[in-house]
Engineer: 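If you scroll down you'll find the structure; I have some questions about it.
Sequence lines set the chain letters: A, B, ... in the order given, protein chains first and strands last, and positions in each chain run from 1.
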2 protein chains.
Amino acid sequence: MSISSKVMGRLTRYRALLTEYFPKDKLHVFSHELATMMGFSASQVRRDLMCLGYFGVPRYGYEVKELIHHINDVLDASKVHHVAVVGAGNLGRALMSFLGSRRATLKIVAAFDDDPQLANRLINGVPCYAMDRAEEIMKHQGITIAILCVPGSAAQRVTDRLVIAGIKGILNFAPVPIRIPVGIALEEIDVTSALERVAFYTTSRTGTPKKRRNSPQE
Amino acid sequence: MSISSKVMGRLTRYRALLTEYFPKDKLHVFSHELATMMGFSASQVRRDLMCLGYFGVPRYGYEVKELIHHINDVLDASKVHHVAVVGAGNLGRALMSFLGSRRATLKIVAAFDDDPQLANRLINGVPCYAMDRAEEIMKHQGITIAILCVPGSAAQRVTDRLVIAGIKGILNFAPVPIRIPVGIALEEIDVTSALERVAFYTTSRTGTPKKRRNSPQE
DNA sequence: CCTGAAATGTGAATCCATTCACATCGTTCA
DNA sequence: TGAACGATGTGAATGGATTCACATTTCAGG
Ligand SMILES: NC(=O)c1ccc[n+]([C@@H]2O[C@H](COP(=O)([O-])OP(=O)(O)OC[C@H]3O[C@@H](n4cnc5c(N)ncnc54)[C@H](O)[C@@H]3O)[C@@H](O)[C@H]2O)c1
Ligand SMILES: NC(=O)c1ccc[n+]([C@@H]2O[C@H](COP(=O)([O-])OP(=O)(O)OC[C@H]3O[C@@H](n4cnc5c(N)ncnc54)[C@H](O)[C@@H]3O)[C@@H](O)[C@H]2O)c1
């Protein structure tokens, strides 16, 4: 039974909630508690948790510790990924400082930028290299994932170079869709589009989309 | 015929592509061209464009100018929204500089922060105010949308204050789900979760989710 | 003017995600 | 101990979104 992308996304959010924003003294949790905290329905939570191979007990709920442990298993949290930020501008730097302190399994180990001013410096604790050393450094450091923070006009070009250098996954912040060969993972975060979506539903239009209370990721 | 949230999201991206990253000399575009550029299927593009009330001509495609114009109509681009960034930290500041130069209909007119150091200063061209002046300034400036960039631990508390102050839409960057009353628009962008999704599909697992080439927003 | 090629618009089919509804089970309390 | 309660796990129903497939339209070329 393969695990759908939607479910995957929610599993990561359950985990974040449980590990970081959950009362430490609560040892058990009910599906309907998770549901109201996350903003979706109890049966959806139960469905999602079904893929874990861990089962709650009726009348008692799920053991928080076990839940986290099994989500880790499914999400393969044991595997460490080395990550590079590509484009050390405003956003890139914000991400470096933000992600530096996060999950130990996702390590930001390098930044790349074609601005010569930035090369060979430490930025927010991350060493920054010239773009033309990307392949060398990636190989050497075992970097598999890139966070793309270059201007939209350069996004496809830079992507192509990363692909040649052997990247395996890309998180794209440039507000333009990029094309990559099959076999490479890609997620896109389009901030402008998200803001425009909010604006659309904010206009005195009748309510939010459907009756959903929390929005999907994306 | 109401327009679904999914379609909405894609319309904003078609528009961005056509207005900003499209050859100026191309006057017409085919559904299959848009499709490959965006990374989805031609029939999906045609479905999406059906809601516009504008029709392409067979053998000729869609007129780019008309397309943009009709998307603007549907997305209500004529209405101007005043936006506040709440939490003028690393991310907040990056967003201010980024969005300052963007769509004229979404204007960043203020920032709020509870750090007294930041109050009453201009940050990236945006005036920053103390948190307790939020209600006053929001009323005065006609602010309807907030971009939430405060730490997760403060997110719900700050949200509640914004709601009381009369906010109509929120774009939440804090990595924790927030709850709001019905009638207020909400979009969440969870960067950590997105990165974890990339990592999940990056692991030598068999390919990306399904056979999709570009990922959904969000 | 007529024919063929190529793209559109859309009903129907398919696929996927979410919700419903309820049998089942473990816990608690009398 | 046993009965009643309250939560789980899940088959079936529902609802949406995507894709298929094709009739229809338009243009180019002879
Ligand atoms: N700033 C934000 O909050 C924000 C939010 C969402 C999306 N974005 C997007 O993220 C991207 C970066 O935004 P930013 O605000 O950090 O811009 P920025 O101008 O501050 O930074 C861009 C960086 O990319 C580098 N760069 C440019 N071309 C390059 C190339 N070919 N190879 C390597 N590096 C190159 C530049 O030297 C610069 O350091 C843009 O596409 C923007 O649309 C930014
Ligand atoms: N930095 C990033 O790239 C990034 C990316 C994704 C998500 N986020 C999220 O965005 C949020 C902000 O991240 P950041 O890196 O900018 O953090 P930061 O610490 O740089 O900035 C947080 C800002 O919020 C202000 N603040 C704190 N409590 C407040 C309150 N109660 N009311 C008003 N203002 C308050 C602080 O004074 C500070 O200026 C966090 O939730 C983080 O998880 C950050």
Side-chain angles (χ1 to χ4, degrees), chain A residues 1-14 26-64 66-67 70-71 74 197 208-218, chain B residues 1-14 26-64 66-67 70-71 74 197 208-218:
Chain A
M1 175 226 17
S2 103
I3 193 169
S4 96
S5 163
K6 283 269 181 70
V7 171
M8 243 293 299
R10 284 193 299 266
L11 287 178
T12 66
R13 321 226 2 243
Y14 295 132
K26 275 198 62 124
L27 300 179
H28 301 101
V29 63
F30 297 130
S31 59
H32 63 85
E33 288 177 309
L34 277 177
T36 55
M37 279 187 281
M38 299 288 294
F40 25 78
S41 79
S43 59
Q44 173 150 138
V45 171
R46 292 203 301 274
R47 257 294 162 225
D48 290 342
L49 301 188
M50 274 180 64
C51 333
L52 294 183
Y54 161 70
F55 299 91
V57 304
R59 203 58 218 261
Y60 212 65
Y62 304 83
E63 248 181 90
V64 175
E66 284 297 301
L67 212 43
H70 282 81
I71 296 179
V74 167
R197 255 162 15 228
T208 41
K210 301 296 151 200
K211 72 263 186 182
R212 213 179 32 237
R213 214 68 284 296
N214 279 25
S215 45
Q217 172 67 202
E218 312 88 144
Chain B
M1 176 225 17
S2 105
I3 194 170
S4 97
S5 163
K6 284 268 180 70
V7 172
M8 242 294 297
R10 284 192 299 265
L11 287 178
T12 65
R13 321 229 358 243
Y14 295 130
K26 273 196 62 120
L27 298 179
H28 301 101
V29 62
F30 298 130
S31 60
H32 63 85
E33 289 177 309
L34 277 177
T36 55
M37 280 188 279
M38 299 288 295
F40 25 77
S41 78
S43 58
Q44 174 149 144
V45 171
R46 292 203 301 274
R47 259 292 163 226
D48 289 342
L49 300 189
M50 274 181 64
C51 332
L52 294 183
Y54 161 70
F55 298 91
V57 306
R59 209 47 224 258
Y60 212 65
Y62 304 84
E63 247 182 88
V64 175
E66 283 298 299
L67 213 42
H70 282 81
I71 295 178
V74 168
R197 267 179 343 245
T208 40
K210 300 294 151 200
K211 72 259 185 182
R212 216 180 29 237
R213 212 69 284 296
N214 278 22
S215 45
Q217 171 69 204
E218 343 47 56

Engineer: Could you give the NE2-to-P distance, from B:His28 to C:dT8, as a whole number of Å?
Structural biologist: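 In whole Å, C:dT8 P and B:His28 NE2 are 12 Å from each other.
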Engineer: Checking only heavy atoms, does the side chain of B:Arg47 share a donor-acceptor pair with the base of D:dG16 at less than 3.5 Å?
Structural biologist: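 Answer is no: no donor-acceptor pair is held.
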Engineer: Go nucleotide by nucleotide along DNA chain C from the 5' end; which of A:Val7 and B:His32 gets its closest nucleotide reached first?
Structural biologist: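 Its nearest nucleotide being more 5', the pick is B:His32.
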Engineer: Examine D:dG9: is either OP1 or OP2 under 4.0 Å from a nitrogen or oxygen in the side chain of A:Tyr62? Give yes or no.
Structural biologist: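 Checking D:dG9 against A:Tyr62, a side-chain N or O does come within under 4.0 Å of OP1 or OP2.
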Engineer: If you look at every heavy atom in A:Ala35 and A:Ser41, which pair is closest and at what distance?
Structural biologist: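 That would be CB-C, 3.6 Å.
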Engineer: Please tabulate the protein-to-nucleotide N/O contacts below 3.5 Å involving nucleotides 21-24 of chain C, giving atom names and distances.
Structural biologist:
from, atom 1, to, atom 2, distance (Å)
C:dA21, N6, A:Arg46, NH2, 3.4

Engineer: Grab the CE-C1' distance between B:Met50 and D:dT19 for me, whole Å please.
Structural biologist: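 Whole-Å distance recorded here is 14 Å.
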Engineer: Which residue pairs satisfy the side chain to side chain donor-acceptor pair (under 3.5 Å) criterion with at least one member in residues 49-58 of chain A, sequence neighbours excluded?
Structural biologist: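 Every pair satisfying side chain to side chain donor-acceptor pair (under 3.5 Å) with a residue in residues 49-58 of chain A: there are none.
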Engineer: Taking all atoms of both residues into account, what is the closest heavy-atom pair of B:Ile3 and B:Cys51, and its distance?
Structural biologist: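 The pair with the smallest heavy-atom distance is CD1-CB, 4.3 Å.
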Engineer: Answer yes or no: does a side-chain N or O of B:Ser31 lie under 4.0 Å from OP1 or OP2 of C:dT8?
Structural biologist: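 Yes.
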Engineer: Using every non-hydrogen atom in the two residues, find where A:Lys26 and A:Val64 come nearest and quote the distance to one decimal.
Structural biologist: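 That would be O-CG2, 3.7 Å.
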Engineer: Give the rounded distance in Å between these two atoms: CD of B:Gln44 and P of D:dG16.
Structural biologist: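 In whole Å, D:dG16 P lies 17 Å from B:Gln44 CD.
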Engineer: In whole Å, what is the span from the CE atom of A:Met8 to the C1' atom of C:dA17?
Structural biologist: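 In whole Å, C:dA17 C1' and A:Met8 CE are 16 Å from each other.
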Engineer: Using the closest heavy atom to pick a nucleotide of DNA chain D for each, name whichever of B:Tyr60 or B:Asp48 lands nearer the 5' end.
Structural biologist: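 It is B:Asp48, whose closest nucleotide lies nearer the 5' terminus.
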Engineer: Nearest to the B:Lys6 side chain among D:dA17, C:dT27, C:dT10, which nucleotide is it?
Structural biologist: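 Looking only at heavy atoms from C-beta outward on B:Lys6, the closest nucleotide is D:dA17.
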Engineer: Which sits closer to the 5' end of DNA chain C, B:Val29 or A:Arg10, going by the nucleotide each is nearest to?
Structural biologist: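 Comparing both residues, the 5'-ward one is B:Val29.
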Engineer: What is the distance, to the nearest angstrom, from the CZ atom on A:Phe40 to the P atom on C:dT19?
Structural biologist: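 Distance, rounded to whole Å: 10 Å.
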Engineer: I'd like to check the side-chain contact (heavy atoms from CB on, under 4.5 Å) partners of A:Phe55; sequence neighbours left out, ordered by chain and number.
Structural biologist: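 Here no residue qualifies.
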Engineer: Is there a side-chain contact (heavy atoms from CB on, under 4.5 Å) between A:Arg46 and A:Tyr62? Walk through the geometry before answering.
Structural biologist: CA-CA 10 Å; A:Arg46 292 203 301 274; A:Tyr62 304 83; 3.7 Å; yes
Engineer: Determine the minimum heavy-atom distance between B:Leu34 and B:Leu49, stating which atoms define it.
Structural biologist: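 Closest heavy-atom pair between B:Leu34 and B:Leu49: CD1-CD1, 4.4 Å.
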Engineer: Does B:Arg59 get its side chain close enough to the base of D:dA28, under 3.5 Å, for a donor-acceptor pair?
Structural biologist: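 Under the 3.5 Å cut-off, the side chain and the base do not form any donor-acceptor pair.
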Engineer: Rounded to whole Å, how long is the line connecting atom CG of B:Leu52 with atom P of C:dT10?
Structural biologist: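 That distance rounds to 12 Å.
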Engineer: In whole angstroms, how far is the P atom of C:dA7 from the CG atom of B:Leu49?
Structural biologist: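 Spelled out: CG on B:Leu49 to P on C:dA7 is 16 Å.
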Engineer: Please report the distance, rounded to the nearest Å, between CG in B:Leu34 and P in C:dG9.
Structural biologist: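 Computing the B:Leu34:CG to C:dG9:P distance gives 12 Å.
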